[in-house]
Amino acid sequence: MDFFTHKNGELFAEDCKISQIASNVGTPFYCYSQKTIERHFRIFDDVFAGIAHTTCYAMKANPNPAIMKVLAKLGAGADIVSGGELEVAIKAGINPNKIVYSGVGKTKAEIKLALEHNILQLNIESEAELDSINEVAGELNCKARIAFRVNPDVDAQTHEKISTGKKENKFGIEWQEAVSLYHKASKMNYVDVTGIDVHIGSQLLKLEPFAEAFQKVRELVLELKQIGINIKNIDLGGGLGIHYQDGEKTPELYDYAQVIKRAIGDLGCNVILEPGRVIMGNAGILVTKVIYTKKTATKNFVIIDAAMNDLIRPALYSAFHKISLVKSPDANKPKQKCDIVGPVCESSDCFVKDYDFYDCDNDELLYISSAGAYGSAMSSTYNSRPLVPEILASGSDYSIIRRRPNYEEMHLLEEVPEWL
Ligand code: LLP
């Protein structure tokens, strides 16, 4: 459930009128609802009440510092994937003891930063990374708390580009290697083996792949125990899917929690969860305006001022995001099939094809739903388009949590060599 609703024919984010924000900040812009973020986090965290757990928000979904602060205030931890994310998380007030570090390519500088902040755990994805961590921890004369991310070779049944748990994917250590690597790590001077980690993919709409992967993790934890390696933290990653289409069936949070409790609830370990999309996806929209409409012999195009550089998911994964009018249409407003496209010079800059949509006027405001996760986070300045503002609505207040840069600011880091 979210707090984007039409009242008296106008879209509101909580009690803020979207058309009002649009006339103040211009379009396009992302708008998030604080109450929705809080609600999603609480519901997620509460469903695991009764089992020792740490909910580490996967901040790659949306790392805006204001969003991180909202979550820090709720006691969230963070799943980070870079030194940059670590800095933002710490500044936002996330407890380092609730930060886990994922990713196949942590540099020595990033490992050092993580150890200096004494984070909860580094999730290791190769033997070479283990050696690096042991070396950097040795230089700092500390012990790095580590887990191995294991690759269970399970098909997450999601889009191939966001599937991570098959043996041909770059993620995790091979199942057959796990025991020997744990054994090696347990003998090292500067690492402390604390956990095990698995993450098989994102936007999963079925629970069976989770169940299969978690069962395999259980068996490995028991096997490790037999050789004297006691796992404290079981990190089960993120990946739970959300609604993008009306009527789309998504797993119930309660059932997801049951799958986890059944697989590992009796092992006496702390469970780490890394939800990203379920917290932020439906807590944000992208508000945009029609620039032109164009009719050709074969198509109707609605050209909007948001583009693939602002929200790349449709172009990259053929992902569907619902598009609607900010002002509720009259019952007799005509409809037609159209392609809704952005201004970027690529045919892939298309949000939706053959969409049954209203005849639009120039300057009409539209909004793209479910854009809070992997929206702004994956945006770029392709075609020299400025990054779009991000707005956080809370009750009847809203705040610009990232403003639109002007053209000069966009180019501040660029230099033309003297010889030119
Ligand atoms: N943990 C790890 C280790 C991850 O790699 C990810 C996401 C998550 C947690 C959070 O997964 P979530 O709960 O959000 O599904 N850009 C893609 C999604 C990439 C996901 C990357 N990893 C998209 O727009 O669909």
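Heads up: numbering here begins at 1 and tracks the sequence. Remember, it's a predicted structure, so these values are computed and weren't measured experimentally. When a ligand or atom number is given, it counts from 1 through the structure's own listing order.
- Classified by interplanar angle (parallel below 30°, tilted 30° to 60°, perpendicular above 60°), the ring pair His53/Phe48 is tilted.
- A side-chain donor-acceptor contact under 3.5 Å links Asn24 and Tyr398.
- The aromatic rings of His321 and Tyr244 lie perpendicular to each other, with more than 60° between the two planes, well past the 30° mark.
- Taking Phe357 as the reference, Tyr355 meet the ring pair (Phe, Tyr, Trp, His ring centres under 6.0 Å) condition, with sequence neighbours excluded.
- Under the ring pair (Phe, Tyr, Trp, His ring centres under 6.0 Å) criterion, Phe148 pairs with Tyr182, not counting sequence neighbours.
- Within the structure, every pair that satisfies the side-chain hydrogen bond (donor to acceptor under 3.5 Å, both in side chains) test and touches residues 285-294, not counting sequence neighbours, is listed here: Thr288-Asp305.
- The immediate protein surroundings of ligand 1, defined as residues with any heavy atom under 4.0 Å of it, consist of Ala58, Lys60, Asp79, Ser102, Arg149, Ile162, His199, Ser202, Gln203, Gly238, Gly239, Glu274, Pro275, Gly276, Arg277, Arg313, Tyr317, Tyr374, Met378.
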